[in-house]
Number of protein chains: 2
Amino acid sequence: MRREDFGEASCTVARTMDIIGDPWTPLVLRDVALGISRFDAVQANLGISRKVLTQRLQALVDHEVVERIAYQERPVRYDYVLTAKGQDLALVLLAIQSFGDKWLMPGQEPLIWHHLTCDHDTSPQISCRHCGGELRPGEAVPRRGPGFAEDEWPAVGAALDAVAPFLER
Amino acid sequence: MRREDFGEASCTVARTMDIIGDPWTPLVLRDVALGISRFDAVQANLGISRKVLTQRLQALVDHEVVERIAYQERPVRYDYVLTAKGQDLALVLLAIQSFGDKWLMPGQEPLIWHHLTCDHDTSPQISCRHCGGELRPGEAVPRRGPGFAEDEWPAVGAALDAVAPFLER
DNA sequence: CAGCGTCAGTTTCTCAAGGGAACTCAGTCG
DNA sequence: CGACTGAGTTCCCTTGAGAAACTGACGCTG
């Protein structure tokens with residue numbers, strides 16, 4: 001597999017990395033998610049080259065993660081705003097941030113999230129959608145799904161076979 | 001901010017992207033997390049150049065996300081295994097995969113996760129660590145945390161000010 | 001012993017992407 | 001008119017990616 005094949009791979013990690021698999025895109029997304037929606041504001045906030053920012057924003061628009069909404073006409077100028085897809089991707093950024101909070105700046109989190117629904121400060125937790133319990137390492141075992149491509153990923157298939165005994169009662 | 005400053009930024013997304021902010025590292029991590037632990041097996045599975053794989057594995061070891069465990073001595077050969085830090089990062093990969101499942105291969109998920117604790121197939125959900133409810137877009141509002149660097153991120157500060165009214169009752 | 005195969009890199013060379021800085025264009029304003 | 005703003009675009013140099021070959025340290029076999 002080459003980098004340019006990521007978007008066609010039978011692998012949803014690779015397909016997602018086709019969108020966010022570079023150093024800057026997650027940070028651009030983070031800014032847009034926080035409401036920093038103008039080109040110059042993002043550029044100044046991140047200190048990213050205008051060329052790279054242009055490319056990244058265009059890619060995000062192409063992937064329908066971000067949309068351009070005109071805020072003036074003469075000349076036409078855009079706010080960059082998350083789509084519904086982009087909002088789901090922003091939740092992934094929350095998980096990324098949470099990892100960084102815990103391991104890379106412990107006790108010095110730059111941002112704290114307040115959950116309006118329960119009215120408490122919180123952090124994101126990766127949970128089981130079925131039972132609601134925290135998904136801890138080792139507590140979830142993968143098995144083949146409907147789109148698993150055996151010929152494309154033989155080593156993954158073998159790895160799945162190796163953990164299959166854990167799936168049996 | 002330049003790419004090389006990511007690891008020092010007062011931003012836990014940037015610090016995490018210092019580790020995984022390239023196309024291949026998340027996929028290498030995914031493989032290691034699945035138990036594909038030998039150099040040649042990862043290389044063949046991903047079709048990545050040996051040079052890039054060497055660099056990526058070394059970076060993961062340097063970041064203490066992955067450790068080398070010798071499985072033979074003559075010559076010395078290593079299995080690559082997730083550390084505890086790496087296992088937490090693998091949970092982030094789960095979130096990445098879940099986004100891809102939903103938006104990029106809907107109904108064709110290559111892998112299904114089985115939660116051993118509740119004995120059901122599941123998928124990861126980003127939840128509120130406090131109340132356990134799903135964190136949905138728009139339901140969490142950020143505010144400054146202890147490590148927030150106002151001078152480094154003025155636009156973020158302004159964005160936080162803009163959403164501050166939502167924090168008040 | 002020599003030859004071959006395996007595994008985990010390392011090296012070389014070419015092409016692609018990143019990044020800094022300057023430039024461009026389409027406005028508005030004084 | 002000139003200056004400024006905002007959103008790009010272009011140019012040039014540096015760095016990284018990728019293909020392919022090479023290397024070294026073994027073990028095994030005839």
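In the text below, chain A, chain B and the rest are named by the order of the sequence lines, each starting its count at 1.
Under 3.5 Å, the side chains of A/D119 and A/H114 contain a donor-acceptor pair of N or O atoms.
Comparing C/dG9, C/dA8, D/dG6 by their closest approach to the side chain of B/T54 singles out C/dG9. In this structure, the nucleotide among D/dG8, D/dA17, C/dG18 sitting nearest to the side chain of B/K51 is D/dA17. In the set D/dG18, D/dA7, C/dT10, D/dA7 carries the atom at the smallest distance from any side-chain atom of A/F39. Distances from the side chain of B/P75 to the nucleotides D/dC26, C/dT11, D/dA7 place D/dC26 closest. Of the listed nucleotides (C/dC7, D/dG6, D/dA17), D/dA17 has the atom at the smallest distance from the side chain of B/R56. The B/V52 side chain lies nearest to D/dA17 when the options are D/dA7, C/dA8, D/dA17.
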Check the pair A/D101, B/R15 against salt bridge (Lys or Arg N to Asp or Glu O under 4.0 Å), reporting the backbone distance first and the verdict last.
-> CA-CA 9 Å; A/D101 289 344; B/R15 289 195 182 202; over 6 Å; no

Before giving the answer on salt bridge (Lys or Arg N to Asp or Glu O under 4.0 Å), spell out for B/R2 and B/D5 the whole-Å C-alpha distance, their side-chain angles and the decisive distance to 0.1 Å.
-> CA-CA 5 Å; B/R2 291 162 310 172; B/D5 300 325; 3.4 Å; yes

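Across the protein-nucleic acid pair, A/R38 atom CZ and D/dG8 atom P stand 12 Å apart, rounded to whole Å. Distance B/W24 CH2 to D/dA19 C1': 13 Å, rounded to the nearest Å. Between the CG atom of A/D79 and the P atom of D/dG8 there is a distance of 12 Å, given to the nearest Å. What separates CG of B/D22 from C1' of D/dG18 is a distance of 14 Å, to the nearest Å. In this structure, CD of A/Q55 is placed 11 Å from C1' of C/dA16, rounded to the nearest angstrom. One can place CG of A/L53 at 18 Å from P of C/dA17, the figure rounded to the nearest angstrom. Atom P of nucleotide D/dG8 and atom CD of A/Q72 are separated by 12 Å, given to the nearest angstrom. Atom CD of B/E73 and atom P of D/dC26 are 11 Å apart (whole Å).
For the side-chain contact (heavy atoms from CB on, under 4.5 Å) with B/L91, the qualifying choice from B/L93, B/L89, B/D88 is B/D88, the only one to do so.
Donor-acceptor pairing under 3.5 Å, judged by distance alone, is absent between the side chain of A/R77 and the base of D/dA7. For C/dG27, its base never sits under 3.5 Å from the side chain of A/R74 at any donor and acceptor pair.
Phosphate contact (OP1/OP2 of C/dC7, side-chain N/O of B/Y80, threshold under 4.0 Å): absent.
If A/V76 and B/G47 are placed on DNA chain D by their nearest nucleotide, the residue sitting closer to the 5' end is A/V76. When each of A/R2 and A/Y71 is assigned the nucleotide of DNA chain D with its nearest heavy atom, A/Y71 is the one assigned upstream, toward the 5' end.
Note on A/Q43: nothing from the nucleic acid sits closer than 4.0 angstrom, heavy atoms only.
Side chain of B/Q43 to main chain of B/L53: no donor-acceptor pair is present (N/O by atom type, distance under 3.5 Å, no hydrogens or angles).
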